[in-house]
Amino acid sequence: MEQEREQTGCRRCGKCCEKGGPAFHTEDRFLIETGVIPLKYLFTIRKGEPAHDNVKGGIVQARSDIIKIKGKKGAWSCIFFEKKTKSCTIYADRPHECRTFECWNPKNLEIIYEKNRLTRKDLLSGIKGLWELVQDHSRRCSFKIINPLLEDIRKNRTPESLEKIRFIISYDDQIRKLTVKKAKMDPDMLDFVFGIPLSEILFKLDKTLLLL
Ligand code: SF4
């Protein structure tokens, strides 16, 4: 049987883009600050949030903010991936991870994967008022508080822990609504500013919470 030739370059199959968009590094900061990639196309995985490790595999707690490009509705596929032509609509301005990743040589991505992650602090700390709001939300809805509560609910179904989680989810929901109403923020930016709604994350993680 004829052996498949070893891959040494991109075949433009699009599989990597269909698996999801990249995470941002400080090298990509200008793409966001110049508006090449608008904030409404991004989401944040917050510190401590359970997330898939694309290099080691498995679910781990994020060590810092991870800012990523959103997927298309109901799919993982990067929002900038054009399925018909198997192409990237921002190819000339694609982020650092996309430039570095070679599916035939994953070592390159492994080297940069955890380095110089771009965070919300890098992008928002200069915006007075908004940054304080983000920090306050991070404190009240911290995964440092949430993760032990979830553990307790899983093991013991403690009513007090359920009540505390319910309160945190409600706060997270209210602050998003208020920010849209009072600060007139585009609702599509909320997943970047405050991360994915806790109601979505937590119900996916633990169906027990559906009983709340
Ligand atoms: S930004 Fe472009 S190259 Fe990167 S994952 Fe999205 S479609 Fe693919």
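We use all heavy atoms of the structure for the numbers below, so side chains are in, but hydrogens, waters and symmetry mates are not. Note that ligands are numbered from 1 as they come in the structure, with each ligand's atoms numbered from 1 the same way.
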Sub-4.0 Å atoms of ligand 1 with respect to non-hydrogen atoms of [X]:
X: Cys78; value: 1 (S), 5 (S), 6 (Fe), 7 (S)
X: Phe81; value: 7 (S)
X: Phe80; value: 7 (S)

Is any side-chain heavy atom of Lys177 closer than 4.5 Å to a side-chain heavy atom of Asp173? yes
Thr158 versus Ile153: any side-chain heavy-atom pair under 4.5 Å? no
Cys88 N/O/S atom closer than 2.8 Å to atom 4 (Fe) of ligand 1: no
Keeping Arg120 on the side-chain end and Asp65 on the backbone end, is there a donor-acceptor pair under 3.5 Å? no
For atom 8 (Fe) of ligand 1, the protein heavy atom that lies nearest, with its residue and separation: Cys17 SG, 2.3 Å
How close does the nearest protein non-hydrogen atom get to atom 4 (Fe) of ligand 1, and which residue and atom is it? Cys98 SG, 2.3 Å
What class does the angle between the rings of His137 and Tyr171 fall in, given that below 30° is parallel, 30 to 60° is tilted and above 60° is perpendicular? parallel
Measure centre to centre between the rings of Tyr91 and Phe80, then say whether the value is under 6.0 Å. no
